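This report refers to the structure that appears directly beneath it.
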2 protein chains.
Amino acid sequence: MPGFKGQATYSVDPKGRIAIPSRMRACMSLEAQNTFVTTRGFEQCVFAYPLDEWLKIEDQIASLNPYDRKHRAFKRQFMMWAEEVALDSKGRIALQRPLIEYAGIEKKTLVLGSQRHIEIWHPERFDEYLNAEESDYETLAAEVMGI
Amino acid sequence: MPGFKGQATYSVDPKGRIAIPSRMRACMSLEAQNTFVTTRGFEQCVFAYPLDEWLKIEDQIASLNPYDRKHRAFKRQFMMWAEEVALDSKGRIALQRPLIEYAGIEKKTLVLGSQRHIEIWHPERFDEYLNAEESDYETLAAEVMGI
DNA sequence: AAAAATTTCCCACAATTTCCCACAATTTCC
DNA sequence: GGAAATTGTGGGAAATTGTGGGAAATTTTT
């Protein structure tokens, strides 16, 4: 089953709605019920998981030990940013304010597919992120995928 | 099963469509469903994988650790450039704008077979690449294939 | 309970993409 | 070497997709 791919630069309309590219929407399974769970991403962006994928992650979080201080801290921060959002009839989602502020999103967004989830970035933030990474694409590939 | 071979210089039409040489199309298996996944190549070109080959690669990507920063960075960059594109009735694919810009493609392209994938280059970029390589063909052969 | 603000649902427009057809160049076959 | 088939190039029409906004419904505040 192919994952989310591709990139798109879309606008955020006055009501805070962001279109999800139709190519990406087409990758959702029926069990996702046209619903995403948005949450604080790693690096300065928003992650959006289709509902069915999110449930798998929640299962993992459920297995954390509530008597371990670090486990507790991670679960707390992981869950506090998450929101369920349904696609409207035009395939858009409305991001909650805390996430918009965290990611620094304004008029334009960069929407990225990253296999099991979608990422929503402020375009300039993404450029900054890429520039700050020490390894370029080819080097990264060699490091991660092995020689 | 023989891989993609050969080279061709084809034009890019006003809509960004590029013909895939019929010799190469003939190498695709039925499981590829006349579909390629195009993505950012290593070096300044576009890679096109038949769908079935691409899925094998995605399986490898899926095994990366989402909590490891470098793994995440690679998956993000690998997937964001990828697009599924079907061959039209005339055996062409339409490249997405980001890939065209990345590879610097204009009116003409050089299409290369490279065993499991096809490469699409701006012809001059390919010449520059060859000239910039430190080892010539014979030396490279000795280095890579062993003495 | 009424007013204000927010959210949800629906509709309209513009841009893009997809689909289909026509023609020209090349290759294949006899 | 010439005719037929295949292959590459281009463009118009139709369908889809992204963008924005109005009105109804809901929630929050006063």
Side-chain angles (χ1 to χ4, degrees), chain A residues 4-28 33-38 46 48 51 82-101 105-113 118-123, chain B residues 4-28 33-38 46 48 51 80-101 105-113 118-123:
Chain A
F4 297 116
K5 324 180 204 335
Q7 57 179 299
T9 303
Y10 282 170
S11 52
V12 183
D13 74 18
K15 296 182 185 178
R17 293 173 299 190
I18 298 168
I20 302 298
S22 73
R23 294 279 176 77
M24 296 187 196
R25 275 167 5 224
C27 291
M28 295 176 75
Q33 299 171 79
N34 277 327
T35 303
F36 283 93
V37 176
T38 54
V46 174
L51 185 55
E83 289 285 350
E84 237 176 78
V85 288
L87 288 166
D88 72 10
S89 64
K90 293 296 166 190
R92 293 173 291 194
I93 58 174
L95 291 188
Q96 305 299 316
R97 240 179 296 282
L99 286 175
I100 290 185
E101 284 167 18
I105 288 169
E106 292 161 14
K107 290 280 150 203
K108 289 279 170 188
T109 56
L110 180 65
V111 183
L112 306 182
I118 290 173
E119 301 189 352
I120 303 171
W121 289 75
H122 180 107
Chain B
F4 297 116
K5 312 181 218 334
Q7 57 178 295
T9 303
Y10 282 169
S11 53
V12 184
D13 74 19
K15 294 183 184 176
R17 291 174 299 190
I18 297 168
I20 302 298
S22 73
R23 295 282 175 75
M24 296 187 196
R25 276 171 1 227
C27 292
M28 294 176 75
Q33 298 171 79
N34 276 326
T35 302
F36 283 93
V37 176
T38 54
V46 173
L51 184 57
M80 72 176 274
W81 292 96
E83 288 286 352
E84 219 175 285
V85 287
L87 288 167
D88 71 11
S89 62
K90 295 297 165 190
R92 293 172 292 193
I93 58 175
L95 290 190
Q96 307 297 317
R97 240 178 296 280
L99 284 175
I100 291 185
E101 284 168 18
I105 288 169
E106 292 162 12
K107 291 281 152 201
K108 289 281 170 188
T109 56
L110 179 64
V111 182
L112 306 181
I118 290 173
E119 301 190 354
I120 303 172
W121 289 77
H122 180 108

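Please read all numbers here as calculations on a predicted model, not as lab measurements. Reminder, nothing fancy here: chain letters follow the sequence lines and each chain counts from 1.
Between B/Val37 and B/Glu84 the shortest side-chain heavy-atom distance falls below 4.5 Å. Side-chain contact between B/Ile93 and B/Val46 is absent, with no heavy-atom pair separated by less than 4.5 Å.
Judged by distance alone, with hydrogens and angles left aside, the side-chain atoms of B/Thr38 form no donor-acceptor pair with the main-chain N or O of B/Ala48 at under 3.5 Å.
Toward the 5′ end of DNA chain C lies the nearest nucleotide of B/Asp88, the other residue of the pair B/Arg23 and B/Asp88 mapping further downstream. When each of B/Val12 and A/Tyr10 is assigned the nucleotide of DNA chain D bearing its nearest heavy atom, the one mapping closer to the 5' terminus is B/Val12. Residue A/Ala94 is the one, among B/Ser89 and A/Ala94, whose nearest nucleotide of DNA chain C lies closer to the 5' end (criterion: closest heavy atom).
Rounding to whole angstrom units, CD of residue B/Glu84 and P of C/dT17 are separated by 16 Å. Distance A/Lys90 NZ to C/dC11 C1': 8 Å, rounded to the nearest Å. Atom-to-atom, CG of B/Asp13 to C1' of C/dT16 comes out at 15 Å; the value is rounded to the nearest Å. Atom-to-atom, CD1 of B/Ile100 to P of C/dT16 comes out at 14 Å; the value is rounded to the nearest Å. The separation between B/Lys15 atom NZ and D/dG12 atom P is 8 Å, rounded to whole Å. Taking atom CG of residue B/Leu87 and atom C1' of nucleotide D/dT7, one finds them 13 Å apart after rounding to whole Å. Distance CG (A/Leu95) to P (C/dT7): 12 Å, rounded to an integer number of Å. In this structure, CD1 of B/Ile93 is placed 16 Å from C1' of D/dT7, rounded to the nearest angstrom.
Remark: D/dT30 base-pairs with C/dA1; criterion is Watson-Crick or G-U wobble with both hydrogen-bond distances under 3.5 Å. Base pairing of D/dG12 is made with C/dC19, judged by Watson-Crick or G-U wobble geometry with both donor-acceptor distances under 3.5 Å.
A salt bridge links B/Glu83 with A/Arg23: the distance from a Lys NZ or Arg NE/NH1/NH2 to an Asp or Glu carboxylate oxygen falls below 4.0 Å.
The phosphate of D/dT16 has neither OP1 nor OP2 within less than 4.0 Å of any side-chain N or O from A/Ser22. Remark: A/Arg97 is not in phosphate contact with C/dT6, judged by side-chain N or O atoms under 4.0 Å from OP1 or OP2.
Counting any heavy atom pair closer than 4.0 Å across all strands shown, B/Ile20 reaches sugar-phosphate atoms only and no base atom.
Residue-to-nucleotide contacts include no donor-acceptor pair under 3.5 Å from the side chain of A/Arg17 to the base of D/dG18.
Separating the CE atom in B/Met80 from the CH2 atom in A/Trp121 is a distance of 10.0 Å, to the nearest 0.5 Å.
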